[in-house]
Trainee: 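After the structure tokens below, expect a handful of questions from me.
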Amino acid sequence: MELARFLHGSSDARTGGQTLTHGRAYEAFGTVFFGGRRGPVFRRLAALSGARPGDRALDVGCGTGYLTRCVAHAVGPTGTVLGVDPSPDVLAHARRRAARHPHCTFTDGIAEELPGPDDAYDVVVSSLMVHHLPEGVRARAAAEMFRVLRPGGRLLLADFRPPAGPLARHLVGAVAGPVMQHNPVHQLHPLVREAGFTSLTSGDLHPWIHYVHATKPE
Ligand SMILES: C[S@@+](CC[C@H](N)C(=O)[O-])C[C@H]1O[C@@H](n2cnc3c(N)ncnc32)[C@H](O)[C@@H]1O
């Protein structure tokens, strides 16, 4: 259960959700957990988001900024990407790792109350964040993603997909805790649809990711 505590960090008073600490250790864990496929999976998520050169992008629950940096690459130096997370530890790590990308910045914030005005972004991405939120605030977070996207803007929401087999699932529970063992990833689709998004598509990326892509109607 120590690993579960490490993965889901400490409680944040603003959200009741679990924030991450220990950015460097999380990075090492991510490399092992994805069995060397973290780079291809996250680059694929950035591509699936539809981020293009010049876009303004937002990464919600950015953690150490791995996906943020992939999206920074996609939007290029004429675009911007802002990573938002409530954990000072991971934000410090994210800033250090993105030092070579001046158009990639980070700020303190929570998914349920995103920084920035309405219609401010072309693309919103979020990976492995929703399962950190208490169920009661997930709809609020999706509504915020909808609010900050411009009409026609694109959302890519990805989260941990527990293994199908009972034994492997049990193992995930023993190692990473019940939150990940039972993560109701099938609820991402209705969460996004009920926030007002349209043109939903979804899929899985080996080994652990389920994603939903959607558009804010014009
Ligand atoms: C498992 S990490 C994923 C980090 C990163 N997106 C990735 O894919 O590696 C989940 C992140 O969500 C953040 N988080 C927790 N509660 C949050 C909230 N209410 N709003 C935004 N982020 C939150 C945690 O601090 C943590 O950095």
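As the structure lists them, so they are numbered: ligands from 1, and atoms in each ligand from 1.
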Trainee: Would you please determine whether G30 falls within less than 4.0 Å of ligand 1 on a heavy-atom basis?
Mentor: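 Heavy atoms of G30 never come under 4.0 Å of ligand 1.
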Trainee: Please answer whether the main-chain N or O of V60 pairs with a side-chain N or O of S126 as donor and acceptor at a distance below 3.5 Å.
Mentor: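 Answer holds: yes.
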Trainee: Angle between ring planes, F197 versus F146, binned at 30° and 60°: parallel, tilted or perpendicular?
Mentor: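 The rings of F197 and F146 stand perpendicular, inter-plane angle above 60°.
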Trainee: State which residues pass side-chain hydrogen bond (donor to acceptor under 3.5 Å, both in side chains) with H210; sequence neighbours excluded, sorted by chain then number.
Mentor: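 side-chain hydrogen bond (donor to acceptor under 3.5 Å, both in side chains) list for H210, sorted by chain: D204.
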Trainee: For F160, state whether at least one heavy atom is located under 4.0 Å from any atom of ligand 1.
Mentor: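 Checking ligand 1 against F160, which is what was asked, there is no heavy-atom contact under 4.0 Å.
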Trainee: Taking heavy atoms and a distance under 4.0 Å, where does F42 meet ligand 1: side chain, backbone, both or neither?
Mentor: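 The answer is the side chain.
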Trainee: Relative to the heavy atoms of G63, which atoms of ligand 1 are at a distance of less than 4.0 Å?
Mentor: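 Contacts of ligand 1 toward G63, numbered from 1: 4 (C), 27 (O).
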Trainee: Any atom of ligand 1 sitting under 4.0 Å from a heavy atom of L133?
Mentor: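 Right, L133 reaches ligand 1.
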Trainee: Partners of R14 by side-chain hydrogen bond (donor to acceptor under 3.5 Å, both in side chains), sequence neighbours excluded?
Mentor: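 R14 satisfies side-chain hydrogen bond (donor to acceptor under 3.5 Å, both in side chains) with D12, D108 only.
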Trainee: Of M129, E112, E144, which has the heavy atom at the shortest distance from atom 19 (N) of ligand 1?
Mentor: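 Ranked by closest heavy atom to atom 19 (N) of ligand 1, first place is E112.
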Trainee: Please confirm whether the backbone N or O of F33 pairs with a side-chain atom of W208, one donor and one acceptor, at under 3.5 Å?
Mentor: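 Yes; at least one donor-acceptor contact below 3.5 Å.
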Trainee: When you measure from the side chain of D85 to the backbone N and O of G63, does any donor-acceptor pair fall under 3.5 Å?
Mentor: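 Side chain of D85 to backbone of G63: a pair is present.
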Trainee: Please say whether G61 places an N or O atom under 3.5 Å from an N or O atom belonging to ligand 1.
Mentor: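 Looking only at distances, the answer is yes, because the N/O contact criterion of under 3.5 Å is met.
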Trainee: Looking only at non-hydrogen atoms, which of S127, A94, G23 approaches atom 7 (C) of ligand 1 most closely?
Mentor: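 Checking each option, the heavy atom nearest atom 7 (C) of ligand 1 is found in S127.
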Trainee: Looking only at distances, please establish whether an N/O atom of ligand 1 is found under 3.5 Å from an N/O atom of A111.
Mentor: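 Yes.
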Trainee: Look at the side chain of D122 and the backbone N and O of A51, then say whether any donor-acceptor pair between them is shorter than 3.5 Å.
Mentor: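 The answer is no, because no donor-acceptor pair under 3.5 Å joins these two groups.
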Trainee: Taking the six-membered ring where the residue is Trp, are the ring centres of Y26 and Y66 under 6.0 Å apart?
Mentor: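 That pair fails the under 6.0 Å test.
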Trainee: May I ask you to check if ligand 1 and D85 share an N or O to N or O distance below 3.5 Å?
Mentor: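 Yes.
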Trainee: Check whether any N or O atom of Y26, backbone or side chain, sits under 3.5 Å from an N or O atom of ligand 1, and answer yes or no.
Mentor: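 There is such a contact, yes.
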Trainee: Which residue from G109, A141, C62 reaches closest to atom 5 (C) of ligand 1 through any of its heavy atoms?
Mentor: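 It is C62 that holds the nearest heavy atom.
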